[in-house]
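Contents: one structure, followed by commentary.
These values consider heavy atoms only, across backbone and side chains, with no hydrogens, waters or symmetry-generated copies. Just so we're clear, the structure is a prediction, and the values are computed from it rather than from any experiment.
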Amino acid sequence: TFVEPFVGFGDKDDRRRLGLLILFITSVALAVGGVVIYRLYGTAINHRRTWLVDTAQSQARLIEFIARSEAAQADSVSPEGATPATLRQIIDSHERYTGFGKTGEFTLARHVGDSIVFLFRHRHFDSETPKRIPFNSEWGEPMRRALSGKSGSLIGLDYRGEPVVAAYEPVAELDMGIVAKIDLAEIREPYVHASLAAMGVGLLCIFIGAALSLHLVNPLILRLGESRNELGVRIKERTAE
């Protein structure tokens, strides 16, 4: 049982109470550590969402500027005529972009029929275009919102069905949507490691503290017990007299 390590420490009730006390301290320490790490994790998520929103919006405005410039040079009233040249410039510029994080990614897509058709992807020098997905699929929620004319951020599934932290923004000039995202697992990873490390260190400290307490306090408890027994014997002897 939990109190077996405390054999020799006072009587059975004393050992049980000490065991419960250590269990309580352990639970409180783990709970406090968990709350702190969870709050830090939440702060990191919010910070990353804000950064992704700024990034997606700046990228969308830049693409729109390029599209207008290409349309003006081509003397085209419709920006559709400038789309190929705009995409070429975007792809060329992102080939020199080092990315953000291990899984950071930009995607650019268009709503065609009942599908989301991806036109561009940048993920650590991997520019392979993702396969199209149904517009009403459970996957690709960030891009679906961008193509619906919405702007913002969310935690949801991307075109791979992986949970991501993503920002989405419409590119009005080209009737497209852009998404900047990073896998949720990458953001979560350091906090999982920190939680495990904190739990291990906390349990070790509690164990060492309990061992030191037993080593220092146990002799005093035993002496008090002996004194109590001697006092009880004397009281009985006097009562008998």
Side-chain angles (χ1 to χ4, degrees), residues 30-63 90-91 94-95 97-171 174-200:
L30 293 178
V32 171
V35 169
V36 171
I37 292 176
Y38 179 78
R39 292 296 298 272
L40 291 174
Y41 172 68
T43 301
I45 291 288
N46 291 333
H47 175 74
R48 189 57 64 94
R49 289 178 70 163
T50 300
W51 185 84
L52 287 171
V53 167
D54 292 340
T55 302
Q57 290 179 348
S58 63
Q59 288 287 318
R61 302 295 83 79
L62 177 60
I63 293 172
I90 296 170
I91 293 173
H94 280 84
E95 283 180 350
Y97 185 69
T98 58
F100 47 94
K102 297 178 182 179
T103 60
E105 180 179 24
F106 291 110
T107 54
L108 189 67
R110 173 175 286 165
H111 185 188
V112 179
D114 59 354
S115 300
I116 296 176
V117 177
F118 291 91
L119 306 172
F120 167 76
R121 170 201 187 198
H122 178 271
R123 187 184 181 97
H124 279 278
F125 305 104
D126 181 4
S127 57
E128 181 181 355
T129 303
K131 295 180 180 179
R132 66 170 61 193
I133 60 174
F135 189 81
N136 294 323
S137 170
E138 294 180 357
W139 295 3
E141 178 62 22
M143 184 59 74
R144 183 162 45 251
R145 294 195 182 189
L147 294 174
S148 299
K150 298 178 181 179
S151 175
S153 67
L154 57 73
I155 298 176
L157 301 180
D158 68 355
Y159 60 87
R160 302 164 298 155
E162 294 292 330
V164 296
V165 179
Y168 47 91
E169 184 75 15
V171 183
L174 299 175
D175 195 22
M176 298 178 185
I178 189 170
V179 169
K181 60 189 177 68
I182 186 169
D183 288 3
L184 187 61
E186 180 180 345
I187 302 176
R188 186 188 298 127
E189 182 180 6
Y191 294 94
V192 171
H193 292 166
S195 298
L196 294 176
M199 184 182 299

Single hit among V117, V112, I116 for side chain to side chain contact (heavy atoms under 4.5 Å, CB included) with F135: I116
Spacing of I182 atom CD1 and I187 atom CD1 [to the nearest 0.5 Å]: 5.0 Å
Between S153 and the options R49, R48, K181, R145, the side chain to side chain donor-acceptor pair (under 3.5 Å) test singles out R49
Closer than 4.0 angstrom, basic N to acidic O: yes or no for K102 and E186? no
Beyond-backbone contact of R121 with F106, side-chain heavy atoms, under 4.5 angstrom: no
Assign the ring pair Y41 / Y191 to parallel, tilted or perpendicular, where the plane angle (0 to 90°) is split at 30° and 60°. perpendicular
Nearest 0.5 Å, what's the CD-CZ distance between E138 and R144? 9.0 Å
Is the shortest distance from a Lys or Arg side-chain nitrogen in D183 or R160 to a carboxylate oxygen in the other one below 4.0 Å? yes
Less than 4.5 Å apart, side chain to side chain, heavy atoms only: is that true for V165 and L184? yes
We want to know whether E105 and Y159 form a side-chain donor-acceptor pair, criterion being a heavy-atom distance below 3.5 angstrom. yes
Report the distance from atom CG of L119 to atom CE of M176, rounding to the nearest 0.5 Å. 5.0 Å
Side chain to side chain contact (heavy atoms under 4.5 Å, CB included) between I63 and I178: does it pass, once the steps are laid out? CA-CA 10 Å; I63 293 172; I178 189 170; 3.9 Å; yes
Between R61 and E169 (salt bridge meaning N to carboxylate O under 4.0 Å), is one present in this structure? yes
Distance check, rounded to the nearest 0.5 Å: R188 atom CZ versus I45 atom CD1? 7.5 Å
Flag the pair S115 / I133 as yes when at least one side-chain heavy-atom distance between them is below 4.5 Å, and no otherwise. no
Does a side-chain heavy-atom distance below 4.5 Å link P170 with S151? yes
Would a 4.5 Å heavy-atom cut-off, applied to side chains only, mark R132 and F118 as touching? no
